[in-house]
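Worksheet for the structure shown next.
Note that ligands are numbered from 1 as they come in the structure, with each ligand's atoms numbered from 1 the same way. For this chain, numbers begin at 1 and follow the sequence in order.
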Amino acid sequence: MTTIAGLATARGFASGPVFVYRGDGQVPVPEYLVERDRVDDELMRLKRAVVETKRDLETLISVLRQRTGRSDVRVFECHLMILEDEALKEETKGYVVRDRLNAEAAVRKTANGARQQFERMNDPYFRERVRDLDDIERRVLKALTGFSSGAHIEIRTPSIVVADDLTPSETVQLPRELVLGFATNGGSTTSHVALLARALAIPAVTGLVDITARVKPGEVVLLDGTNGAVTLNPDESTIRQFNDLVERQLELTEDATRGAPAGTLKSGGDVPIYANIHPGVPLAGIREQGARGIGLYRSEYLWLNREMEPTEEEQFAAYRDAAKFAATLPNGGEITIRSLDIGGDKLVRGISSKEANPFLGNRSIRYLLSHRDVFRTQLRAILRASVYGHISILYPMVSCVDELVASSMVLNDVKAKLDDEGIPYDRSIRVGAMIEVPSAALIADELARHVDFFSIGTNDLVQYTMAADRGNESVAHLYQPTNPAVLKLVRMTVDAAKRAGISVGVCGESAADPIVGVLWAAMGVDTLSMSPTYIPLISKILARLTREDLDEYARVPENVPPGETAHEIYDICHSWLNTKIPNLDDILI
Ligand code: PEP
Ligand code: MG
C-alpha cells in the first residue's frame, strides 16, 4: 500500500478504477522540407486545417452552451481567438513560405514560441493559459494529421481520471457521470481542473508527484480530496476506514438540506452561511449544500478569458439570473454582487495594464474609479437586475474613505440616470465594503459611516497584513489567518461594525476552515460565506455549539500568552473545540 500526498483541491472522497489519460504528446508531428513548388499547396493544407478546427470549435461551443455554464464556453471562445490571431497566423505562414517547413512543424514552432512567452510571464493566471495554447495546437495538428487525440477521451466506466494535467477542453469534455475524481501531477488553484472540480463537486487532488507513472490503468485507488491524498493498493482495513469516511461525508451533505438552515446554533440563533460563486458555475449545487444565498458573486469572472468587456446587457442577464436563482433558496435568498475585482492575481486581457507591482497597483475599486465608464455600466446592470431579487453591491479592495465617497457619487449618478429613463431598481439596495486591506480595518469606524455592511476578505487581508503572496508556495508558511496581527484587524472590524450598527461577514476561504471559520463566528461576525462544498461541514460544527460556547471560544485566542505563534493559536483553538465537540475529528474526517 502506498499513499501519495498532494494538494486538497476539491473536497470529497472517491474510490474506483484509474483511467490514465495521457493527452499530451500523442499527436505525432512530422517535420520535413516542403518542395519549392509545393509551398502553395502546403499553405492551403494549413488553411483547411484552421477552417476545420474553427468549425469544430464552434460546434463544441454550441453544444457546451446547452450543457454547462458560460465560463466553460468562454474558454473555447478564447481558443477561437488564439486560432484567429493574425500575428500567430502570419508567423506560421512565414515558417512555411520562408523556411519551407511543413504545416505541422510550422504550427508547432509558432506554438512553442508563444508558450515560451506565456511561461516567462511572472503571473500564475497567464502561465495557466499555456494550457489553452496546448489545446488549440493539438486541435490544429489533429486536423492536419487526422490523428485523433484529446478530443475524445475514451472513458467507458466510472473512473478516477489520472493525468499529468488537463487542458480546459479535456476537462469539460469528460462525461461528468463517469468521472469519480481527478488526480493530477500538476495543477494549481487557478487551474481549470481545480475550478471545475470544485464547481461540479468532484473530489480532486492535484500536485501529486508522478502519479501518472505510479498507477496502472484499471487499478483501484482511493482518492481523498478532503485531506489531499491518493492511496494505491489499499489493504482491507484502509478500504473499510475509507468507506466509513465516504458514508459520513454523504450523511453530512444529506443533513445540509434536511436539518435546520445552514449556520443554526445548538441554542437557536444563527450565523447564516452563504456561498461564494462566480459566473459560469452551475447554481444548482449551492442549493444541495444548503447555502442560504450567495454571499460573494465574483463578477470579474465575466471579464476573464475574453478580449472584449461584457456589455451592459450581458452583465444584466448574468446578475438577473443569479439573483432570481438566489431568491429561490430557502431561508435567505440574498445575493451580494461584488463589483469588478481585477488586478493582482486576476489579470484581464485588454484592461489590466502592465504594472511592476500589480498587487499594489491600480486594481479593484481603484481601477473602477479611474475607469468610470466601466464602473457606471456595471452599476447600471446591477441596479437593473436588482428588481429580480435581493441584491447588495460590494466594493472590493477599499483602502480609504475617499473611495467610498467617490463610489457612492457614481452610484447616485447612475441611479439618477435610471430615474430619468424610468427604469426601475431596488431603491433600498444595500452597499458594502470589502475589508481586505489592513488600512480598511484600521479605519473601519470611518468606513462604517458610508456603507450598510462589511465583508471581510481574509484571502487578501492575510496576504496584505503578512506581506505574503497568497499564491506563492515559498511563503505559504507566513500565510496565517490566525496570526495575532490578523486576529486584531478582524476584531477591530467587527467592533467597528457593531458600534455603527451595520452587519459584518467573512467571505474569505478561511471561513471554510472549521477552526478558523467558527472562530470568526465566535468573534461576532453575522454571516459566513465560502465555497459551497464546505457549507455542510461548518454548519454541522456550528449546530453543536451554543452562543455561550461561541463567546467562550472568542476568548480563547485572547487568553493565549503574548508571543505565541499563529500555529500555536490554531492548535489551542483546535483543542478547545475538541473539548466542546468530542467527536470533532470524526466530523472533520
Ligand atoms: C478575499 O480576498 O478574501 C476575497 C474573498 O476575495 P478574492 O478571493 O476574490 O480576492
Ligand atoms: Mg480579495
Side-chain angles (χ1 to χ4, degrees), residues 9 71 123-125 188-191 194-195 198-199 273-281 291 293-304 322 335-348 352 358-368 378 392-399 403 432-441 444 447 453-472 476 479-483 486-487 489-490 493-494 504-513 516-517 519-520 525 527-532 534-535 538:
T9 295
S71 72
D123 180 275
Y125 177 76
S188 66
T189 47
T190 52
S191 68
L195 293 179
R198 266 181 247 147
I273 307 183
Y274 293 81
N276 290 352
I277 66 152
H278 56 263
V281 167
I294 297 167
L296 174 64
Y297 180 91
R298 292 182 160 107
S299 70
E300 55 277 7
Y301 279 77
L302 288 172
W303 272 257
L304 295 183
I335 169 170
T336 299
I337 299 182
R338 183 173 66 187
S339 59
L340 179 60
D341 183 23
I342 54 151
D345 51 343
K346 299 174 198 151
L347 294 179
V348 175
S352 296
F359 278 94
L360 305 180
N362 189 21
R363 56 174 309 191
S364 313
I365 195 68
R366 306 165 185 185
Y367 176 87
L368 288 170
Q378 182 170 37
S392 301
I393 301 171
L394 179 59
Y395 299 134
M397 201 61 67
V398 171
S399 58
E403 287 166 343
M434 289 282 295
I435 304 294
E436 49 186 346
V437 178
S439 70
L447 296 179
F453 66 98
F454 285 153
S455 189
I456 305 176
T458 50
N459 301 341
D460 279 311
L461 187 62
V462 174
Q463 136 166 292
Y464 288 119
T465 305
M466 301 302 298
D469 180 344
R470 65 195 252 187
N472 183 341
Y479 192 86
Q480 303 169 338
T482 52
N483 186 286
V486 176
L487 296 181
L489 292 172
V490 171
T493 307
V494 173
V504 52
V506 170
C507 66
E509 279 302 316
S510 66
D513 178 309
V516 184
L519 181 61
W520 303 146
V525 307
T527 57
L528 296 171
S529 193
M530 61 194 69
S531 283
Y534 290 81
I535 295 175
I538 304 301

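- Counting the atoms of ligand 1 from 1 in the order shown, those under 4.0 Å from a heavy atom of Gly457 are 1 (C), 2 (O), 3 (O).
- Legend: residues meeting side-chain hydrogen bond (donor to acceptor under 3.5 Å, both in side chains) with Tyr479, ordered by chain and number and at least two apart, are absent.
- For the pair Thr465 (side chain) and Val486 (backbone), a donor-acceptor distance under 3.5 Å is absent.
- Residue Asp341 touches ligand 1 through its side chain alone, judged by heavy-atom distances below 4.0 Å.
- Interface atoms of ligand 1 facing Glu436, defined by a heavy-atom separation under 4.0 Å, are 1 (C), 2 (O), 6 (O).
- Near Leu296, meaning under 4.0 Å from one of its heavy atoms, ligand 1 places the atoms 5 (C).
- For the pair Met434 and ligand 1, a heavy-atom separation below 4.0 Å is found.
- As for Asp460, its N/O/S atom nearest the Mg ion (ligand 2) is the one called OD2.
- Below 30°, between 30° and 60°, or above 60°: for Phe359 and Tyr464 the angle between ring planes is above 60°, a perpendicular geometry.
- The Mg ion (ligand 2) has an N, O or S atom of Glu436 inside 2.8 Å of it.
- Under the 3.5 Å distance criterion, the side-chain polar atoms of Arg363 are left unmatched by any main-chain donor or acceptor of Pro358.
- Using a 4.0 angstrom heavy-atom cutoff, Glu509 does not count as in contact with ligand 1.
- With a heavy-atom cut-off of 4.0 Å, Thr458 touches ligand 1 through its backbone alone.
- Side-chain atoms of Glu300 come within 3.5 Å of backbone N or O of Asp341 as a donor-acceptor pair.
- Between Glu300 and ligand 1, not a single N/O pair is under 3.5 Å apart.
- With hydrogens and angles left out, the side-chain atoms of Asn276 and Ser531 include no donor and acceptor closer than 3.5 Å.
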